[in-house]
Amino acid sequence: MNRQKDQLDSVARLRDQIPEAGFPRGVGVASATGFVLLLLITAFTALYLSTSGPLSAIGGKSGDLVPDEVTEGQRRATVALAQALATSATTAAGDLQVSTGSGVFDNADDDAVLNRLGETYPDWRGIVVFDPAARKVLATHGEPVAVENLRDVAVSNLTVRPIARPGDSPLVLTALPLTGARAGKLLVVSTALRGVQPELDKEAKQQIRLVTPDGALLYSYGAEVPENDRTAQELLTRAAAAGAAGESGAFTGDATAEPAEPDRRIAPVVSFAPITSDGTAGSLGLTAVTISRFPVEPVPARRPGLIPAAALLVLAIGGFVLLRRTVVAPILRLRADALAVAAGVLDRPVRQSRVHEVNRLTRAVERYRSKLRRRKIGAKVKPFISAQAVVALVSLALLGWSVTIAATLGRQNAAVSPTVLSEYNGRVTHSADTLRRSLSQGLGDLRAVARLSAGKQPEQLRGMLEQLAMNESRFRSVYLTDADGGVLQSAGREALRDPGKLPDGAGLRQHNTSGRVPVVYAFTRLPDSAQVLVGEYDVPRMASMLGSAGGRVRVVDEGKRTIADTEGYFAFSQLTDPVLVKNVTTAQTGEDARETTPTTLVAAERLADEGSVAELKWVVVAEQPIGSLGVADNTVRAGARVAALLTAVVALMLFAWHLLVVIRPLRRVAESAVPIAKGVGMGAVVYPQRQDEIGSIASCVEICRQALTEGKARLGEVRRPAGAATDETALLQRVKDAPETERRPEPRVAPRRPARSRPVVPRVARDEPRPEQPRAPRRQRGPGEGRQPHLAERGRSPK
């Protein structure tokens, strides 16, 4: 009993002398960490891969919802509406800036000036010259203008101010401070705010509101919102406050049963966006608010991630157990047996392993024990498995799971409801209408400038052309041509249209069907003149008007060639997708063109049915990937891809961690230990390169090497040689004594380590006898102290 206790104490003392660091070192840390990570991925797969949301699996509420794409579509449509209203509100401001360069204000007669402006701009409802100091209207034309709304406003530059009009769309007052003889006077123009009565979805019971910054309702259009509908009223109040703060977004209320159809549940969706304009002053900062009611769609409580999560859990547990039994446990057994042999416990055989990498070391340590005990080596155990193969097998199993999930749940197509398709078609229609109005207004601006230019010389038009090209960003170039198409005056960038005679009258044309850039222009003839005013449209700006529809939106001509695109494209590139070609052909006939494919929403709309824009024969076609929609199946697909990616990363991490931290260090120790067991390289010191279980095994191998060289007295104590692991260990031979006459003085050299207490022995000639030096008393060293290698450690025989 005492003998066994002494053996245990010697093993414990040796183990205490060999340091082993904690996390992240250790042969079992990699498998434990990988197991924990796989458990987290398993939980993510089970909870998140659900059509009803992650909280439904643990008792969360998962009711019927309005599709996220419908909500986001309403937000984009409201933002586009706000931009269109801002453009409409500042139209008169741009016209006034253009007219200042026409010389119309050179006339001292106010009535004549107002009559000329009224004839030039028939859309202006009323025009007045107002004296704010005297608060008096000096001249008027057209409808009465409510100048009292400007009496408390300091007008120092171009000012735009919307005002309410009972029972009709709002008016916009545009005030321009006059100069010269009319200094101190204001020219005030009253125009109707266009675009406030778009086509609404009657089934959705839509309503459009314009709200002032203080929350007052300026205008409303569409279905009325009952005052007792607290949910809708609360959402409208929140939207007005957020819009006044410059925010845009959408709120969704709780679903309620429709009175006419109790089985049909609808929810209010309120979207909002601020109406802002640059370059003008005044309280234009309105908020466009849209309220709609959409039927909620049942979210099926499907959890397709449960089966993959269960499979991953089985792989995680099986891989963890396999790694612990075939990699970690054999190394820990080897460490325990190596510590016993190095501590001097030689009566117990070393347990052999069936793992190839561990078996090489167990056989070597068993040979050490047999040599030190002078007994016959035990039976040889043949390995049949490799630790590296086990790690690779576990990693491949996890990678196989990742590939399977990515190829199944990660590629499934989502089902799109008719509500989503209808809402998307409405946004495409709205985008096409925005582009149509922009093209038509551009032609109207040219006609107004042409009327102002009557009887003027080409050089007198330069100011108006520059204002038109600068203020109206829809044009990239504006120029005046003669009867043969030669340019007389130009403003903006260089014209792209080839010189040539222009058609008669006025209208819109597409100049080319091939080339680097599409050339689209509006033209009109000057009154009583052969000269023609031309404005070339900016194609990138045309494409930017289509972005509110979402997805990729293109404008194609009659030959299905691309004119404008919200994404990168080559000019006049042909449509090649059969689905797009089919819907464009359908839209050219004026029929409803929209379709849902397994991966995409497609909608097409003819740009115009009549008028000047219809002469272009353009079609707006849009496509949006279903994967970008916020439907439940897309959430499952995205979650499946994330889970597959994370599992693949963990699998690669497990393989690399085991290979670099466990398998390769174990092989390096075996490469040093096996020759020592065969009696080869006894002078080579085995250095522990890691402070973990494998480092402890290396330390035990070094102790056994010292014991095999110097005797069993060296067992049970760690003695680390000084120097680096790369230093060569040399075996020194004993030097014979030389005759006294042949001795030569040897110069003294500095000691290798001045800090040592052992006296420095001077070097002597090879044939000179070595003088005897007194040996310093030996002291007990700790496990971390270094020392110079003893002669026996350098291979010298103790005898």
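Values reported hereafter were calculated over all heavy atoms of this structure, with side chains retained and with hydrogens, waters and symmetry mates removed. A quick note: this is a predicted structure, and the numbers were derived from the prediction, not measured.
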### Query
Could you go step by step and tell me if E591 and T586 meet the side chain to side chain donor-acceptor pair (under 3.5 Å) rule?
CA-CA 6 Å; E591 299 179 4; T586 304; 5.5 Å; no
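- Residues V532 and T524 have side chains not in contact (no heavy-atom distance under 4.5 Å, counting atoms from C-beta outward).
- Salt bridge status for K560 with D557: absent, with no side-chain N to carboxylate O gap under 4.0 Å.
- A salt bridge links K582 with E595; the closest basic N to acidic carboxylate O contact falls under 4.0 Å.
- Within the 6.0 Å centre-distance limit, the rings of Y537 and F475 are counted as a close aromatic pair.
- With T600 contributing its side chain and T596 its backbone, the two residues share no donor-acceptor pair below 3.5 Å.
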For residues 494-506, dump all side-chain donor-acceptor pairs below 3.5 Å to protein atoms at least two apart in sequence or in another chain.
unit_1	atom_1	unit_2	atom_2	d
R497	NE	Y479	OH	3.0
R497	NH1	G500	O	3.3
D504	OD1	R525	NH2	3.4

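- Side chains of R509 and F523 form a contact here, defined as non-hydrogen atoms less than 4.5 Å apart.
- For the pair L173 and V147, the minimum side-chain heavy-atom distance is 4.5 Å or more.
- Remark: D109 CG is packed, more than 12 non-hydrogen atoms of other residues, nucleotides or ligands lying under 6.0 Å away.
- Side-chain atoms of S544 come within 3.5 Å of backbone N or O of R541 as a donor-acceptor pair.
- Looking at every heavy atom in both residues, V539 comes nearest to A564 through CG1-CB, 4.0 Å.
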### Task
Give the C-alpha distance, both sets of side-chain angles, the deciding distance and a yes or no for side chain to side chain donor-acceptor pair (under 3.5 Å) between Q207 and T290.
CA-CA 6 Å; Q207 184 191 49; T290 303; over 6 Å; no
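- In terms of heavy-atom proximity, I291 sits nearest to L236 at CB-CD2, 4.2 Å.
- W124 and Y121 have parallel rings, their planes meeting at less than 30° on a 0 to 90° scale where 60° marks the start of perpendicular.
- Of the residues R474, R476, R493, the one that meets the salt bridge (charged side-chain N to carboxylate O under 4.0 Å, His left out) test with D538 is R493.
- Of all non-hydrogen atoms in A593 and N583, the two that sit nearest each other are CB-O, 3.4 Å.
- To the nearest 0.5 angstrom, L446 atom CG is 6.0 Å from L468 atom CG.
- Residues forming a side-chain contact (heavy atoms from CB on, under 4.5 Å) with A432 (at least two apart in sequence, or on another chain): E605, L607, V620.
- The side-chain heavy atoms of R293 and V225, taken from C-beta on, include a pair separated by under 4.5 Å.
- Residue E558 places its CD atom among 12 or fewer non-hydrogen atoms of other residues, nucleotides or ligands, all under 6.0 Å distant.
- Considering every non-hydrogen atom in both L465 and V478, the closest pair reads CD2-CG1, 3.7 Å.
- Every residue two or more places apart in sequence or in another chain that forms a side-chain contact (heavy atoms from CB on, under 4.5 Å) with T599 is listed here: N413, T597.
- Every residue was checked against the ring-ring contact (aromatic ring centres under 6.0 Å, His included) condition with Y219, not counting sequence neighbours, and none meets it.
- Panel note: side chain S529, backbone Q531; a donor-acceptor pair is recorded below 3.5 Å.
- Ion pair R552/D565 flagged as a salt bridge, since at least one NZ, NE, NH1 or NH2 atom sits closer than 4.0 Å to an Asp/Glu carboxylate oxygen.
- With contacts defined as side-chain heavy-atom distances shorter than 4.5 Å, the pair V449/L533 qualifies.
- Although no hydrogens or angles enter the test, the distance criterion places a donor-acceptor pair under 3.5 Å between the side chain of T429 and the main chain of N425.
- A82 pairs by the side-chain contact (heavy atoms from CB on, under 4.5 Å) definition with A273, I275, A288, not counting sequence neighbours.
- The distance from the CD atom of E247 to the OG1 atom of T287 is 10.5 Å, given to the nearest 0.5 Å.
- A salt bridge is defined here as a Lys NZ or Arg NE, NH1 or NH2 lying under 4.0 Å from an Asp or Glu carboxylate O, and R554 with E623 meets this definition.
- Checking side-chain atoms of Q510 against main-chain N and O of N512 turns up a donor-acceptor pair under 3.5 Å.
- A side-chain donor-acceptor contact under 3.5 Å links N115 to the backbone of D111.
- E119 has no carboxylate O lying under 4.0 Å from a charged side-chain N of R451, or vice versa, which leaves the two without a salt bridge.
- Atoms CG and CG, from L439 and L508 in turn, are 6.0 Å apart once rounded to the nearest 0.5 Å.
- Scored by the side-chain contact (heavy atoms from CB on, under 4.5 Å) test, R462 finds E466, Q489 as partners (sequence neighbours excluded).
- The 12-atom threshold is not exceeded at CD of E610, counting heavy atoms of other residues, nucleotides or ligands nearer than 6.0 Å.
- In summary, R182 and D110 engage in a salt bridge, as defined by a charged side-chain N under 4.0 Å from a carboxylate O.
- Between the side chain of T90 and the backbone N or O of A86 there is at least one donor-acceptor pair closer than 3.5 Å.
- Two residues are said to be in side-chain contact when any heavy atoms from C-beta on lie closer than 4.5 Å; V584 and L575 meet this criterion.
- Without hydrogens or angle criteria, R209 side chain to V289 main chain gives no donor-acceptor distance under 3.5 Å.
- To the nearest 0.5 Å, atom OG1 of residue T434 and atom NE2 of residue H430 are 4.0 Å apart.
- What you find for V79 and S248 is that their closest heavy atoms are CG2-CB, 4.2 Å.
- By the 4.5 Å heavy-atom criterion applied to side chains, W618 and V556 are not counted as neighbours.
- Side-chain contact between T191 and D123 is absent, with no heavy atoms from C-beta onward closer than 4.5 Å.
- In this structure a side-chain-to-backbone donor-acceptor pair under 3.5 Å is missing from N107 to V104.
- S99 places a side-chain N or O within donor-acceptor distance of the main-chain N or O of L96, the cut-off being under 3.5 Å.
- Nearest heavy atom pair, residue F294 against residue A204, reads CE2-CB, 4.1 Å.
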### Query
Would V98 and D445 count as a side-chain contact (heavy atoms from CB on, under 4.5 Å) if you check the C-alpha gap in whole Å, the side-chain angles of each, and the deciding distance to 0.1 Å?
CA-CA 9 Å; V98 172; D445 292 338; over 6 Å; no
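- The residues D592 and R594 are annotated as salt-bridged, a charged nitrogen and a carboxylate oxygen being separated by less than 4.0 angstrom.
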